[in-house]
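This report concerns only the one structure given below.
As the structure is a prediction and not an experimental result, all values here were calculated from the model. Indexing begins at 1, ligand by ligand and atom by atom, following the structure's order. If you read the sequence from its start, that first residue is 1, and numbering goes on from there.
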Amino acid sequence: MRAIVLHKALDLRIEDSDVAAPGAGEVQIKMAVGGICGSDLHYYQHGGIGDAIRVKQPIVLGHEVSGYISALGDGVDNLAVGDLVAVSPSRPCYDCQYCHKGQLNHCENMRFYGSAMPFPHIQGAFREVLVADASQCVKADGLTAGEAAMAEPLAVCLHATRRAGEMMGKRILITGSGPIGALSLLCARAAGATEIVVTDLTDEALAYAQKIGANQTINMIKQPDALKQYQAGKGYFDVLYECSGAAPALAAGIAAMRPRGIVMQLGMGGDMNVPVQAITAKELDLRGSFRFHEEFAIAVKLMQQGQIDVKPLISHTLPLDDALEAFEIAGDRTKAMKAQIAFN
Ligand SMILES: [Zn+2]
Ligand SMILES: [Zn+2]
């Protein structure tokens, strides 16, 4: 079976490796689709994320995946061969202090697929065959394999939306119209937000936000003053989803927040300057959001029930043989929203 292995920045290879049999409590999955995430792209383009997370050994990328069960290990009775499953990359230990607190995304021994955060790195799921714990698999019947592979980024945005709190009737600003910004839009809308404005630097990215229901989109290069109306007085927005990881976006967003608004930081690009004075004077809450756990199964359910439709965001699907091209396309924001790789 083949897997997509990153050796160092811009050195991505398709390599052969052995197929493992599932042990007790595990399943073997014939992988169907894997979505390329911003973190996969950071690893590919820059060999890491910021200064702290660096690729130091070959790593199989990928953590947004779905597939069909191909074999069951002993004791697995809730899944059957042939089932389409969304596979959660979140693998906490269930036994550290944070797991015991129910903060599973903060597990001290997390083995999140395709992560260069720990060393040795945790190998990822861009492979033709994957052995996973049955508990990581959520049945995705009724969805396409591509939709099922969107459960992961959707779960990220559901977690952030939960962290942001009340959404009913709120005014939302989203900075960064990539997959996380767009999925945050869908989550905020599903949770009752009534006005959603999205900013980005790329028209093509903003067109997706428009298509899925943004009230207004702003290209900050072409309309640098368009946020001014919202920055007047004490500001306008109740919640900011900062999904770009870019300091100017955070600063412009904070300036448009009304007092006691909530700033959700999701974008990752390393450390940046923060307008602390405005946070103090407007009594803003600055909140991080990182990964998810139980939101993964919720994401699958929301898609199955038709409450959230991610299909318009899947822009490209390329075969495994064209993985390199898929990474190039995924990195071109004038082309791709979510680029996925088809494994079988
Ligand atoms: Zn992801
Ligand atoms: Zn743990």
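Geometry about the Zn ion (ligand 1) gives an angle of 90° between OE2 of Glu64 and SG of Cys37, rounded in steps of 10 degrees. Rounding to 10 degrees, one finds that the Zn ion (ligand 1) sits at the corner of an angle of 100° between His63 NE2 and Glu152 OE1.
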Taking only distance into account, with no hydrogens and no angle test, what donor-acceptor pairs under 3.5 Å do side-chain atoms of residues 78-88 form with protein atoms, sequence neighbours excluded?
| residue | atom | partner | partner atom | Å |
| --- | --- | --- | --- | --- |
| Asp83 | OD2 | Ala80 | N | 2.8 |
| Ser88 | OG | Ser90 | N | 3.2 |

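Side-chain N/O atoms of Ser244 and Glu242 include a donor and acceptor closer than 3.5 Å. Checking Gln136 against Tyr113 by side-chain atom types alone, a donor-acceptor pair falls below 3.5 Å.
Here Asp40 fails the criterion, with no N, O or S atom under 2.8 Å of the Zn ion (ligand 1).
The backbone N or O of Gly267 sits less than 3.5 Å from a side-chain atom of Gln265, completing a donor-acceptor pair. Of the possible donor and acceptor atoms, none in the side chain of Asp225 sits under 3.5 Å from a partner among the backbone N and O of Lys228.
Lys30 NZ: 12 or fewer foreign heavy atoms inside a 6.0 Å radius.
Protein nitrogen, oxygen and sulfur atoms, that is N, O or S, within less than 2.8 Å of the Zn ion (ligand 2) amount to 4.
The residues Asp238 and Arg260 are annotated as not salt-bridged, no charged nitrogen and carboxylate oxygen being separated by less than 4.0 angstrom.
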